[in-house]
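First the structure, in the form of structure tokens, and then the observations on it.
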Amino acid sequence: MPRLIRRFLAAGVAVVSIFALTACGGGSKGDSGADAKEITLTYSDDQNNAYKTMAQKYTKDTGVKVNIMEVPYADLSTKIANAAKANDLPDVARVPQINPVWADQLEDLTSLADSHNAMKSLLRKSPDGKILTIASDLTAVGLFLNTSLFDKAGVSYPDPDGSWTWEEFIDALKKVQEATGAKYGMVMDASSHRERSFLYQFGSKGVRKHADGSWGLDDKAKTALEFLKSIDDDKIMPKSVWASNEDPSALFKSGQVAAYYSGNWQIADFNTSITSFSWKSVIMPASPTKATNVGTNYMVALSPAGKKFLDWFYSKKNYTAFCEQGNYLPALNDITPKYANHNEDMDLYQKIIRESDQDVLSRQVMTQLELALKGAVLPSQDPMKDETVKYLSDEQDVDTTVANMNRLFTKYYTVDNKQ
């Protein structure tokens, strides 16, 4: 069977354990019936120990012992694939993508998705009609302002119910720079994930499959790319971020940049690392479309006992507590966490998600999931960022950039699923 090629950046995480720790899992799928008294939970990147707390609470509530294996993100997919080959899969796991090596071991989560009101835009059925994954949580693209600079310059910005266009936003940044001497107006992560939301805000529907089987962008994406180049000029935006991978977060935290186009995952860090100025999340520009782009990982059950854990995990009370402790955005409808820090910022992200076109905001991750469910093997990185860097660096014009993207996306999304 084909193996999964990951598309996510890795972050090192130490291996930890709670209660007993097995080699990787609690045994093969058949060993963990719904009434099992011991299960294994595998994941990486546990913000504020939210998963560990849920494991402890599950033991307290049910008496079921939970063995935790937290592994580095870079090793997660390989770890689970090797466990499948050794017939030693965990009962439940948080994964970045489905791997055909163990996909046939997954429990059907359709009833859980329905009963817990999972966001439908983040659900996809397998070829045999089953829902095998539920999003663990969400990340979303958003905009941060250095409000100390804006206030010093006397420049206003919209409230959460307001709006501004990209032209109005850039005009505001220029005023802030002129009044305060800020080095740059904004920085933007050099990422196709962030770039896609930018395209959506200019009315693009993103990368879509055409009637002839090819994949590509629409004309409004070209307009967005031209605007991006117009502001990547070493005045509004530093060319070094996209051209040579200078750290945009560090630039924003220096206090010399008025705005940062990134996402909600920055909030926990900013809350402790930024002490010299005030900041907040604000509504993103719309020209004319209000839009974000979401990312996610998936919870999967590899035994009946794992499915039972997920039914407990996604209950309103438990999942709300999980989101609040881990500072996670919820992937269920009708969940309203109250966060200890910057609750208003997290509320704004949830508002943006609700108000965005659900098909568009989930298109990137759902297209990848759909192909993975069919057993496809995707390349490690889509072509959008690399081609954009060539355009911003004057190596090619915008028409060539779009044409190259379309050609490469067609190849990317129509990969051979045989190996």
Side-chain angles (χ1 to χ4, degrees), residues 140-189 191 193-206 220-233 235-238 241-242 248-249 251-252 255-264 266-267 270 277-294 329 342-358 360-361:
V141 177
L143 180 66
F144 298 96
L145 294 190
N146 179 328
T147 54
S148 293
L149 289 178
F150 270 77
D151 292 345
K152 181 179 179 180
V155 176
S156 62
Y157 47 88
D159 62 33
D161 293 320
S163 64
W164 48 0
T165 65
W166 270 97
E167 290 80 3
E168 290 168 338
F169 170 56
I170 297 302
D171 183 59
L173 295 182
K174 290 177 179 177
K175 291 176 180 177
V176 171
Q177 285 182 273
E178 183 178 358
T180 66
K183 187 173 183 178
Y184 298 113
M186 66 174 286
V187 286
M188 176 184 183
D189 292 336
S191 159
H193 182 259
R194 257 64 90 217
E195 184 178 353
R196 287 179 188 239
S197 66
F198 180 81
L199 303 187
Y200 300 157
Q201 289 159 6
F202 283 78
S204 173
K205 298 296 185 182
K220 291 183 179 178
K222 175 182 173 180
T223 301
L225 287 169
E226 290 174 324
F227 191 90
L228 179 62
K229 183 170 176 57
S230 74
I231 61 175
D232 187 54
D233 59 358
K235 297 175 183 177
I236 299 298
M237 282 174 45
V241 171
W242 281 80
S249 178
L251 286 170
F252 181 70
Q256 293 301 305
V257 181
Y260 182 21
Y261 193 85
S262 187
N264 70 287
Q266 301 285 359
I267 291 175
F270 289 175
F277 63 89
S278 298
W279 60 273
K280 70 182 300 182
S281 300
V282 298
I283 199 75
M284 289 183 288
S287 291
T289 307
K290 286 187 176 182
T292 186
N293 189 22
V294 299
L329 291 171
H342 288 273
N343 185 70
E344 66 281 5
D345 294 81
M346 297 295 281
D347 281 348
L348 178 59
Y349 277 95
Q350 293 175 80
K351 173 183 171 66
I352 293 169
I353 290 169
R354 289 193 303 270
E355 293 180 352
S356 295
D357 181 318
Q358 296 300 294
V360 169
L361 73 84

Atom of Gly203, atom of Pro288 and distance for their closest heavy-atom approach: N-CD, 4.4 Å
With a 3.5 Å distance limit and no angle check, can you tell me whether Ser204 reaches the backbone of Tyr200 through a side-chain donor-acceptor pair? no
Go through the steps for Met346 and Glu344 under the test side-chain contact (heavy atoms from CB on, under 4.5 Å), then give the verdict. CA-CA 6 Å; Met346 297 295 281; Glu344 66 281 5; over 6 Å; no
Tell me if a side-chain donor or acceptor on Ser356 pairs with a main-chain N or O of Gln358 at a distance below 3.5 Å. no
Go through the steps to decide whether Ile352 and Met284 satisfy the test side-chain contact (heavy atoms from CB on, under 4.5 Å), and finish with yes or no. CA-CA 9 Å; Ile352 293 169; Met284 289 183 288; 4.1 Å; yes
Close side-chain approach of Leu143 to Pro285, heavy-atom, < 4.5 Å: yes
I want to check something: taking the side chain as every heavy atom from C-beta on, are Leu149 and Gln256 in contact at a cut-off of under 4.5 Å? no
Would you please name every residue forming a side-chain hydrogen bond (donor to acceptor under 3.5 Å, both in side chains) with Glu178, sequence neighbours left out? none
Once rounded to the nearest 0.5 Å, what's the spacing between atom CG of Asn264 and atom CD of Gln350? 9.5 Å
Taking the six-membered ring for Trp and the full ring for Phe, Tyr or His, determine whether the centres of Trp164 and Tyr157 are under 6.0 Å apart. no
How about Trp279 and Tyr260: are their ring centres within less than 6.0 Å of each other? no
Would a distance-only check, ignoring hydrogens and angles, find a side-chain to backbone donor-acceptor pair under 3.5 Å from Thr165 to Glu168? yes
Applying salt bridge (Lys or Arg N to Asp or Glu O under 4.0 Å) to Asp161 and Lys351, what does each step give before you reach the verdict? CA-CA 9 Å; Asp161 293 320; Lys351 173 183 171 66; 3.0 Å; yes
Under the 3.5 angstrom rule, does the side chain of Gln177 hit a backbone N or O of Lys235 as a donor-acceptor pair? yes
Spacing of Asp232 atom CG and Met186 atom CE [to the nearest 0.5 Å]: 9.5 Å
Is the ring pair Phe252/Phe270 parallel, tilted or perpendicular, if the boundaries are 30 and 60 degrees? tilted
From Met237 atom CE to Ile231 atom CD1, the distance as rounded to the nearest 0.5 Å: 5.0 Å
Under 3.5 Å, is there a donor-acceptor pair linking the side chains of Thr292 and Tyr349? no
Taking only residues two or more places apart in sequence or in another chain, which ones pass ring pair (Phe, Tyr, Trp, His ring centres under 6.0 Å) with Trp242? none
Rounding to 0.5 Å, atoms CZ (Arg196) and CG (Leu361) come to a distance of 13.0 Å
Is the side chain of Gln201 donor-acceptor paired with the backbone N or O of Ala286 at a distance under 3.5 Å, no angle test? no
Where does the angle between the aromatic ring planes of Phe202 and Phe198 fall among parallel (under 30°), tilted (30 to 60°) and perpendicular (over 60°)? tilted
Hey, does the side chain of Ser197 reach the backbone of Arg194 with a donor-acceptor pair shorter than 3.5 angstrom? yes
Between Phe144 and Tyr261, is the ring centroid distance below 6.0 Å? no
Taking atom types as modelled, is there a side-chain donor on Ser281 or Asp345 under 3.5 Å from an acceptor on the other? yes
Does the side-chain contact (heavy atoms from CB on, under 4.5 Å) test come out yes or no for Lys220 and Leu199, once each step is laid out? CA-CA 8 Å; Lys220 291 183 179 178; Leu199 303 187; over 6 Å; no
Give, for atom CD1 of Ile236 and atom CZ of Phe169, the distance between the pair rounded to the nearest 0.5 Å. 9.0 Å
Contact check, side chains of Pro248 and Met188, non-hydrogen atoms, under 4.5 Å: no
Flag side-chain contact, heavy atom, 4.5 Å: Tyr184 against Leu173: no
Exercise: identify the closest heavy-atom pair between Val257 and Asn146: O-CB, 3.6 Å
Do Asp357 and Lys290 meet the salt-bridge criterion of a basic N to acidic O distance under 4.0 Å? no
Check whether any side-chain heavy atom of Val282 sits under 4.5 Å from a side-chain heavy atom of Pro158, and report yes or no. no
So which atom in Ile283 and which in Ser163 form the shortest heavy-atom distance, rounded to 0.1 Å? CG2-CA, 4.5 Å
Using a cut-off of 6.0 Å, state whether more than 12 heavy atoms not belonging to Lys229 lie near its atom NZ. yes
Rounded to the nearest 0.5 Å, how far does NE2 of His193 lie from CG of Asn293? 4.0 Å
